[in-house]
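The basis for the numbers below is simple: all heavy atoms, side chains too, and nothing from hydrogens, waters or symmetry mates. Convention: sequence-line order gives letters A, B, ...; per-chain numbering from 1.
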Amino acid sequence: MTTIRLHDTRTRSDRDFVPIDPSDVRMYVCGPTVYDRAHLGNARPVVVFDGLFRLLRHVYGADHVTYVRNFTDVDDKINAEALRRRQAGAPGTLEDLIRARTEETIAWYHADMDALGALRPSHEPRATDYIGRMIAMIGRLIDRGHAYARDGHVLFRVRSYADYGRLSGRSVDDMIAGARVEVAPFKEDPMDFVLWKPSDAGLPGWDSPWGRGRPGWHIECSAMSEALLGPAFDIHGGGIDLQFPHHENEIAQSACAHPGAGFANYWLHNEMLLVEGRKMSKSLGNFFTVRDLLDRGVPGEVIRLVMLMTHYRSPMDWTEDKARQAEATLRRWRGLAAGIEPAASPAPAVVDALACDLNTAGALAALHALAAAGDVPGLVASARLMGLLEPAMGAWAEAPSADLTALTARLGALRAAALATKDFAQVDALKAALTAAGVEVRMSKAGVELRPGPGFDPARLAALEEGEARE
RNA sequence: GGCGGGUUGGCGGAGAGGUUACGCAGCGGAUUGCAAAUCCGUGUAGACCGGUUCGAUUCCGGUACCCGCCUCCA
């Protein structure tokens, strides 16, 4: 069996992956807060961990991997948007508006991530469906002395967990020295973080032993992973920006709620995304969503390939040039793959590259080698392991259907005549017009061949044919 | 200030202590009336300074520069 090697952020080392239970490999990845369209940066962990999901399914069997990715649907930004809508005159209660907003956003998210060829996870829990579980976990943390209630809040007592800071490599004292922590009178220690906070009448809230309120950010992931994967599971993933504080706090909560269980055995973090060399931000004007790209005609498969060109632990720079390269590569491969059945299994070189801490760039090189060697069935089977060249994703690359027989015959006749007279003026004029209409012109001794290319424009072609009729 | 990551040929981007990464672009050739497409060939790069070594771009140390996190942003 293939041995998968993963870079574990917690130990800062590459480790052979050994699942707790090979018949049920379990992975949890932090999903989106559903307040708006997913931007391109949101797509990176989706593609990265979809790749790992596919690899795990390949190695352990599709029915032996459980992948959980949550939706955070309780959040102040969602509340703010719902409030804005109500003030703008939208009907319904605030809770209705919140639900409507999150339902809408989840549907967008699914559509956009589907377009990138990401498989749906096994479970996609919503935080609001696990409030009871969170309350129970908070209660247990209080009972064990790891948390305390104060003024309607419940706080995690950071000093009660000796390993706090281990994941992100910092000590509580260092962090306090950094002095960027919220000072609140109800905190025993400035680093203590919120497990539960009170909600006023204008905010969504749930009844709890500490009054009506809502959960803090981190507890949801601890509660949902516990519910769906158990107190110990294999892999926990997410963006590197979540390493602190989110994941650090998650570990503290889960480890203290289930001492000795171990929580997640391997921690994987993907690096951030840049756009043309700069951090994507609204202020720089380079902020865009996945949907923006799709609407602009950049196929999801192209976005996916661009993402796979860079190793997941390096910052990935989105550039127009890369998108162009990726599109050209996919067009070539899809051209080769047309009508070819995939091999029974992906090429070992590709699997090995992916098994080496998801070396997607290496795997792509292996794909190029398969294409160069003419092993198209192997290319297709291997590409599909990476979520590429899937039949459902190829509509964008299909040549538009068009009847070019008349034009082919006309060009062929002109050329045959020109070959005799050595006057190619008319041939070249027609060729230029065809090229301008997005038709690929191929001439050889055997004859003339026309095929619609990427920029095929039937309207300009029609004009050509009308011109012919008038002649 | 604290913590972490990075610096590879024109561009993108990997692996490996010593033998071609790969892709794109470029260049040369085949092919073509000319092209396109395709095919063949072609590139000794590794921020800087030391150290270890028979040998380092690959290991160790330092310097410079860049980036991220420390602000419920993946």
Side-chain angles (χ1 to χ4, degrees), chain A residues 9 12 29-33 35 38-49 69 72 74-77 165 167-171 173-182 191 193-194 197 215-220 237-246 248-249 269-274 277-282 287 305-306 308-311 313-317 319 321-322 324-326 328-329 332 335 352-353 356 359-369 371-372 415 418-424 427-428 431-432 434-435 439-446 449-451 453:
Chain A
T9 329
R12 291 167 183 72
V29 174
C30 289
T33 301
Y35 66 98
H39 62 251
L40 190 61
N42 290 309
R44 173 116 107 138
V46 172
V47 171
V48 165
F49 292 105
R69 185 182 62 209
T72 299
V74 47
D75 174 86
D76 287 345
K77 284 192 287 290
L167 175 73
S168 49
R170 28 189 121 197
S171 73
D173 293 323
D174 286 347
M175 287 185 273
I176 291 171
R180 274 206 180 176
V181 286
E182 182 190 358
M191 287 308 296
F193 59 89
V194 171
K197 53 192 169 187
W217 175 33
H218 319 293
I219 193 70
E220 56 172 279
I240 188 70
D241 57 330
L242 294 181
Q243 188 181 36
F244 189 89
H246 183 56
E248 194 71 63
N249 293 352
H269 290 99
N270 62 274
E271 255 292 349
M272 298 289 101
L273 177 124
L274 304 171
R278 314 187 68 177
K279 182 176 179 173
M280 183 165 77
S281 73
K282 287 178 178 168
F287 181 96
L305 178 53
V306 169
L308 296 176
M309 283 161 69
T310 304
H311 185 86
R313 283 193 290 115
S314 296
M316 197 220 89
D317 195 8
T319 64
D321 189 53
K322 279 187 188 172
R324 215 165 32 241
Q325 279 188 30
T329 299
R332 186 153 11 89
D352 289 348
C356 187
N359 182 1
T360 49
L364 291 173
L367 252 36
H368 281 291
R415 177 164 174 270
L419 283 172
T421 64
K422 300 295 177 200
D423 177 6
F424 291 93
V427 182
D428 288 341
K431 190 178 78 175
L434 286 165
T435 303
V439 178
E440 206 176 279
V441 179
R442 300 182 180 180
M443 288 188 255
S444 67
K445 282 204 171 90
E449 191 185 348
L450 299 182
R451 47 194 302 165

Out of B/rC70, B/rA35, B/rC73, whichever nucleotide has its closest atom nearest the side chain of A/His39: B/rC73
Atom pair distance, as rounded to whole Å: CD1 in A/Ile240 and C1' in B/rC69: 8 Å
Of the listed nucleotides B/rA36, B/rA35, B/rA74, the one nearest the side chain of A/Glu440: B/rA36
Whole-Å C1' distance, B/rG50 and B/rG12: 32 Å
Position toward the 5' end of RNA chain B (nearest nucleotide), A/Arg415 or A/Pro215: A/Arg415
Heavy-atom closest pair, residues A/Met309 and A/Lys322: CE-CG, 4.2 Å
Residue A/Ser314, side-chain heavy atoms: nucleotide from B/rA14, B/rC73, B/rC70 that is nearest: B/rA14
Euclidean distance for C1', B/rG5 against B/rC54 (whole angstrom): 34 Å
Separation of B/rG13 P from A/Leu364 CG (nearest whole Å): 13 Å
Distance in Å, A/Leu167 CG paired with A/Gln243 CD, rounded so as to fall on 0.5 Å steps: 4.5 Å
Interatomic distance at P, B/rG6 relative to B/rA16, whole Å: 14 Å
Sugar-phosphate only, base, or nothing, as touched by A/Asn359 at under 4.0 Å among non-hydrogen atoms: sugar-phosphate
Contact state string [nucleotides 24-31 of chain B, B base, S sugar-phosphate only, - no protein heavy atom under 4.0 Å]: S-------
P-based separation of B/rC22 from B/rG41 [nearest Å]: 11 Å
For atom CG of A/Leu367 and atom P of B/rG15, their distance in whole Å: 17 Å
N or O in side chain of A/Lys322 less than 4.0 angstrom from B/rC11 OP1/OP2: no
Side chain of A/Asp428 (C-beta onward), nearest among B/rG68, B/rA14, B/rC34: B/rC34
Assigned partner base of B/rA45, Watson-Crick or wobble definition, under 3.5 Å: none
Closest approach of A/Ala418 to A/Val427 (non-hydrogen atoms, all atoms of both residues): CB-CG2, 3.6 Å
Candidate pair A/Arg324 and A/Asp321, rule side-chain contact (heavy atoms from CB on, under 4.5 Å), full reasoning: CA-CA 5 Å; A/Arg324 215 165 32 241; A/Asp321 189 53; 2.7 Å; yes
Protein-nucleotide distance (A/Met272, atom CE; B/rG68, atom P), rounded to Å: 10 Å
d(CG, A/Leu274; P, B/rG12) in whole Å: 12 Å
Whole-angstrom distance between B/rA14 and B/rC49, as gauged at atom C1': 27 Å
C1'-based separation of B/rU71 from B/rC11 [nearest Å]: 36 Å
Side-chain N or O of A/Thr310 closer than 4.0 Å to phosphate OP1/OP2 of B/rG13: yes
Sugar-phosphate only, base, or nothing, as touched by A/Val29 at under 4.0 Å among non-hydrogen atoms: nothing
For atom CZ of A/Arg313 and atom P of B/rU7, their distance in whole Å: 11 Å
P-based separation of B/rC24 from B/rU19 [nearest Å]: 24 Å
Contacts of type side chain to side chain contact (heavy atoms under 4.5 Å, CB included), residue A/His39, not counting sequence neighbours: A/Asn42, A/Met280, A/Phe287
Reference residue A/Met316; test side chain to side chain contact (heavy atoms under 4.5 Å, CB included); the match among A/Leu274, A/Leu308, A/Val306, A/Asn270: A/Val306
Where A/Phe244 and A/Ser168 come nearest, the two heavy atoms and their spacing: CD1-OG, 3.4 Å
Nucleotide opposite B/rG12 in a Watson-Crick or G-U pair, distances under 3.5 Å: B/rC22
Derivation and outcome, side-chain contact (heavy atoms from CB on, under 4.5 Å), residues A/His368 and A/Thr329: CA-CA 9 Å; A/His368 281 291; A/Thr329 299; 3.8 Å; yes
A/Phe424 vs A/Leu419, side-chain contact (heavy atoms from CB on, under 4.5 Å): CA-CA, chis, key distance, verdict: CA-CA 8 Å; A/Phe424 291 93; A/Leu419 283 172; 3.8 Å; yes
Proximity to the side chain of A/Asn42 - top-ranked nucleotide from B/rG33, B/rC70, B/rA74: B/rA74
Nucleotide B/rC73, atom P - distance to CG of A/Leu242 in whole Å: 10 Å
Sugar-phosphate, base or nothing in reach of A/Arg442, heavy atoms under 4.0 Å: base
A/Ala366 or A/Asp317, whichever maps to the more 5' nucleotide of RNA chain B: A/Asp317
Gap in Å between the two P atoms, one belonging to B/rA47 and one to B/rU42, rounded: 26 Å
Sugar-phosphate, base or nothing in reach of A/Gly238, heavy atoms under 4.0 Å: sugar-phosphate
Nucleotide opposite B/rC69 in a Watson-Crick or G-U pair, distances under 3.5 Å: B/rG2
Contacts of A/Cys356 that satisfy side chain to side chain contact (heavy atoms under 4.5 Å, CB included) - sequence neighbours left out: none
Complement of B/rC59, any strand, by Watson-Crick or G-U distances under 3.5 angstrom: B/rG51
Pair partner, B/rU32 [Watson-Crick or wobble, under 3.5 Å]: none
Sugar-phosphate, base or nothing in reach of A/Phe424, heavy atoms under 4.0 Å: base
Between P of B/rG12 and CE of A/Met309, the distance in whole Å: 11 Å
